[in-house]
Amino acid sequence: MNYALVTGGSRGIGAAISKELASRGLGVLINYRSNEEAANKVAEEITDNGGVAELLPFDVTSESAVDEALECWEGAHPEDRITTLVNNAGIREDNLMIFMQTDQWHRVINTTLDGFFYVTRRLLKGMLTNRFGRIINIASLSGLKGLPGQANYSAAKAALIGATKALAQEVAARKVTVNAVAPGFIKSDMTKDLNEDELKKMVPLNRFGAPEEVAVLVAFLASKDAGYITGETISINGGLY
Ligand code: NAP
């Protein structure tokens with residue numbers, strides 16, 4: 001069976017992506033760091049709807065944890081392949097640069113960038129050998145325009161977009177595509193502390209997006225139909241640039 005690995009698949013956008021990909025026939029590996037209860041709920045919903053889902057917990061910032069978890073999974077699934085990777089795990093720790101703590105800088109950069117690097121490098125060999133793969137990186141509007149109070153997050157997401165463009169060129173000859181999705185404000189735990197009523201006035205469509213709307217875009221990029229799109233960053237932000 002062909003599987004998709006969704007990092008940070010336990011909640012928010014990642015949970016919606018996991019469900020959408022499962023509904024389109026992929027087995028889904030739901031990665032998370034600590035929230036097993038939430039991950040279980042997503043897996044149950046998928047299996048209740050006739051899909052295939054497994055939990056695959058690891059911290060994306062730990063090279064050894066990534067390698068161990070994937071080696072173990074591959075050992076237990078000799079007939080299966082991970083053909084789709086969604087690098088979605090991410091955190092926000094906002095602060096004005098002048099007040100930003102060193103660990104706030106590193107935690108945000110490491111989760112997005114080290115996570116992308118460790119997981120993607122580990123899965124690339126299989127995709128290149130199979131001559132098929134889909135890698136979708138969840139970036140952000142912050143990585144395109146930069147947002148005050150988010151120098152760490154904007155830097156991480158801008159770097160992820162740069163890596164997307166570089167890797168796309170490295171692996172295109174083997175029919176592996178690499179794209180980024182840049183959401184604006186999407187309703188999730190990550191944005192629940194924001195003042196939605198105030199902020200939505202900045203959005204031309206006058207609302208926050210739903211995780212399911214991002215999931216449909218990711219599922220399209222993961223599909224065979226999207227085979228001629230690579231190195232691209234697609235915004236999904238209600239018109240907010
Ligand atoms: P969320 O609701 O806070 O969920 C974050 C997910 O990432 C959780 O599943 C969490 O796992 C996982 N995670 C965090 N650190 C991890 C680590 N070190 N290793 C493994 N998993 C880890 O966030 P969200 O709003 O869905 O955001 C998903 C992605 O979209 C992020 O990359 C975010 O930057 C991006 N994004 C979000 C928005 C937005 O408005 N929401 C806008 C632009 C971009 P646990 O459940 O175990 O904690």
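Each ligand, and each atom within it, is numbered from 1 in the order the structure gives.
Considering F58, F185, Y153, Y32 only, the shortest heavy-atom separation from atom 33 (C) of ligand 1 involves Y153. Of the listed options I236, N110, N35, I186, I186 places a heavy atom closest to atom 41 (N) of ligand 1. The option with the heavy atom closest to atom 42 (C) of ligand 1, from among S140, S188, G184, is G184.
Close approach of ligand 1 to S10 is summarised as follows: ligand atoms under 4.0 Å from at least one heavy atom of the residue are 8 (C), 9 (O), 11 (O), 45 (P), 46 (O). The atoms of ligand 1 that sit less than 4.0 Å from any heavy atom of D59 are 17 (C), 18 (N), 19 (N). Listed by number with element, the atoms of ligand 1 under 4.0 angstrom from any heavy atom of A89 are 7 (O), 13 (N), 21 (N), 22 (C), 32 (O). Applying the 4.0 Å criterion to heavy atoms of N31 picks out, from ligand 1, the atoms 20 (C), 21 (N). Each of the following atoms of ligand 1 lies closer than 4.0 Å to a heavy atom of N88: 28 (C), 29 (C), 30 (O), 31 (C), 32 (O).
Proximity of T111 to ligand 1, defined as any heavy-atom pair under 4.0 Å, is confined to the side chain (atoms from C-beta onward). With a 4.0 Å cut-off on non-hydrogen atoms, T112 does not touch ligand 1 at all. Counting heavy atoms under 4.0 Å from ligand 1, residue T191 touches it through the side chain alone.
Remark: the backbone N or O of G8 is paired with a side-chain donor or acceptor of N31 at under 3.5 angstrom.
Under a 4.0 Å N-O distance rule, the pair E37/K41 does not qualify as a salt bridge. Ion pairing between a basic and an acidic side chain is recognised when a charged N comes within 4.0 Å of a carboxylate O; K165 and E170 show no such pairing. Under a 4.0 Å N-O distance rule, the pair E196/K201 does not qualify as a salt bridge. Using a 4.0 Å cut-off between charged nitrogen and carboxylate oxygen, D189 and R11 count as a salt-bridge pair.
In this structure, M97 places its CE atom where only 12 or fewer heavy-atom neighbours from other residues, nucleotides or ligands lie under 6.0 Å away.
At least one heavy atom of A139 lies less than 4.0 angstrom from ligand 1. Close to ligand 1: K157, with a non-hydrogen atom less than 4.0 angstrom away.
Residues T120 and N87 bring a donor and an acceptor atom of their side chains to less than 3.5 Å of each other.
Residue pairs satisfying the salt bridge (Lys or Arg N to Asp or Glu O under 4.0 Å) criterion with at least one member in residues 74-100, sequence neighbours excluded, are listed as follows: E74-R122, R92-D94, R92-D193, E93-R107.
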